[in-house]
Amino acid sequence: MKDHDAIKLFIGQIPRNLDEKDLRPLFEEFGKIYELTVLKDRFTGMHKGCAFLTYCTRESSLKAQNALHEQKTLPGMNRPIQVKPADSESRGEDRKLFVGMLNKQQSEDDVRCLFESFGSIEECTILRGPDGNSKGCAFVKYSSHAEAQAAISALHGSQTMPGASSSLVVKFADTDKERTIRRMQQMAGQMGIFNPMALQFGAYGAYAQVQQQQAALMASVGQGGYLSPMAAFAAAQMQHMATINGLPGGHMTPTSGGSTPPGIGAPTVTSIPSPISVNGFAGMPPHQANGQPNAEAVYTNGIHPYPGKPSQTTHPPTTSIQHNTHSAYPAAYGQISQAFPQPPPIIPQQQREGPEGCNLFIYHLPQEFGDGELMQMFLPFGNVISSKVFVDRATNQSKCFGFVSFDNPGSAQAAIQSMNGFQIGMKRLKVQLKRPKDANRPY
DNA sequence: GTTGAGCGTT
């Protein structure tokens, strides 16, 4: 075993013809070796002329470092051997902690008090915004990894500061690499790089797929059985379709100042869910050359007839799902991959609001709706750059209102036209432009 | 319950 505070060493300038067993004798005189690994090229497997070495004790590492680093040149090399803490070790990152969920009133001294019993603190900084206000987090650097680890064990989650929303967070600070990634993400967010497809392809896609299948099956609406949010919504749409087609049954009706939800006029209702809906792309309108959504294809819940597709047969549910899953997916994916030759990078949704006139306030959402369902509901009208259902922090329950932001005002207007007053269950959606923060002009 | 809180990485 190795000590918990042993140091991983980077060994450089070693001849490429030496492998682990050749190197061991060289290093063993300073102590027992815990691990020695020659670095090899990931692809070719070629010896890279360096290695990682971990002794069982910190003391051995230090001895080896002092005795060898830059001290001798191995046969065949023109530079002296390097023996130094690996990058992962002594950049400070392994003994530097990120502390979150602090009270914003807590000062450096307060934090020191909290952390000093676990080791000697080399550095303690509260993170502050430009205005000097604490961001509620800090960095604490100990003189050793072990001390830092001890602080994590003792303090992480141990208490909740007054005014903080959850318990104290104590963890190792980001490494350089992690920080770079974080920066890039922030930048991407600021530049408004957001691709709704990312969500489609991400975890939500699979979820939506199931939802859509359930919707297509139209299980017992309003009969007491639980319907998942999207299923309820999609089923509602279908009932709506039935209504406007003069078929019995729907209590979903369009209203709202004479505007009608899109999809009206789709003449045929069959039981075949569209390939797109089955794969979680329901509501993703075909985009035309002008980049505007094809409103006619929207909100048919996959019952928009496919011209040139002769099969209007009614399949039993299971069959239709399998049928679509297997045969139709490539077609849907083909469309997508044309639009995005490179798979789009998954960039976390960071941009909250769109430009003026692009942000909608939506009220009377079904209780079950989350961000994902909200986005699904509005995707047909354009590029949704964010969707947010307001949630009560205490109960985690939706407050039944939320926000959707588009990248252009036209989409927002189209969404208002179509969705304001749209009835779901006993409620009608209220869809309007979000009040600007500097709310001088009321809408 | 009616207009984007918050978990924050120098």
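Everything quoted here is computed from the prediction, not taken from an experiment. Order of the sequence lines sets the chain letters (A, B, ...), proteins ahead of strands, with each chain counted from 1.
Within 3.5 Å, a donor on the side chain of S405(A) pairs with an acceptor on the base of dG4(B), or the reverse. A donor-acceptor contact under 3.5 Å links the side chain of K171(A) to the base of dT9(B).
Across all strands shown, S166(A) has heavy atoms under 4.0 Å from base atoms, whether or not it also approaches the sugar-phosphate. No contact: T125(A) has no heavy atom under 4.0 Å from any strand. Nucleic acid contact class of Q432(A) (heavy atoms, under 4.0 Å, all strands): base. Here S398(A) lies in heavy-atom contact (under 4.0 Å) with a base. Heavy atoms of V391(A) sit under 4.0 angstrom from at least one base atom.
Using modelled atom types, one finds no donor on one side chain facing an acceptor on the other under 3.5 Å when comparing T160(A) with S167(A). A donor-acceptor contact closer than 3.5 angstrom links the side chains of E147(A) and S143(A).
When each of T395(A) and F172(A) is assigned the nucleotide of DNA chain B with its nearest heavy atom, T395(A) is the one assigned upstream, toward the 5' end.
Classification of the H145(A)-F172(A) ring pair by plane angle, with boundaries at 30° and 60°, yields parallel. By the 30° and 60° cut-offs, the orientation of the rings of F378(A) relative to F381(A) is tilted. Note: F98(A) and F139(A) have perpendicular aromatic rings, judged against thresholds of 30 and 60 degrees for the angle between ring planes.
Side-chain N/O atoms of S165(A) include none lying less than 4.0 angstrom from OP1 or OP2 on dA5(B). Distances shorter than 4.0 Å separate none of the side-chain N or O atoms of K399(A) from OP1 or OP2 on dT2(B). Close to dT9(B), at under 4.0 Å from its OP1 or OP2, lies no side-chain N or O of R179(A).
Taking atom CG on L102(A) and atom P on dT9(B), their separation rounds to 13 Å, with Å as the unit. Put simply, CZ on F403(A) is 11 Å from C1' on dA5(B), counting in whole angstrom units. Summarising the geometry, the separation between CZ on R428(A) and P on dT2(B) is reported as 21 Å, rounded to the nearest angstrom. Taking atom CG on L97(A) and atom P on dT9(B), their separation rounds to 16 Å, with Å as the unit. Between the NE2 atom of H364(A) and the P atom of dG1(B) there is a distance of 10 Å, rounded to whole Å. Whole-Å rounding puts the D371(A) CG to dA5(B) P distance at 11 Å. Here the P atom of nucleotide dT3(B) and the NZ atom of K388(A) are 16 Å apart, to the nearest Å. Rounded to whole Å, the distance from CZ on R182(A) to C1' on dG8(B) is 9 Å.
Across the C1' atoms, dC7(B) and dT3(B) are found 23 Å apart, a figure rounded to whole Å.
Geometrically, K8(A) engages F52(A) in a cation-pi contact defined by less than 6.0 Å to the ring centre and at most 45° from the axis.
In the set dT2(B), dG4(B), dC7(B), the nucleotide with an atom closest to the side chain of E353(A) is dG4(B). Picking from dG4(B), dT9(B), dG1(B) the nucleotide with the shortest atom distance to the side chain of K434(A) gives dG4(B). With dT9(B), dT2(B), dA5(B) as the choices, the nucleotide that has an atom nearest any side-chain atom of F390(A) turns out to be dA5(B).
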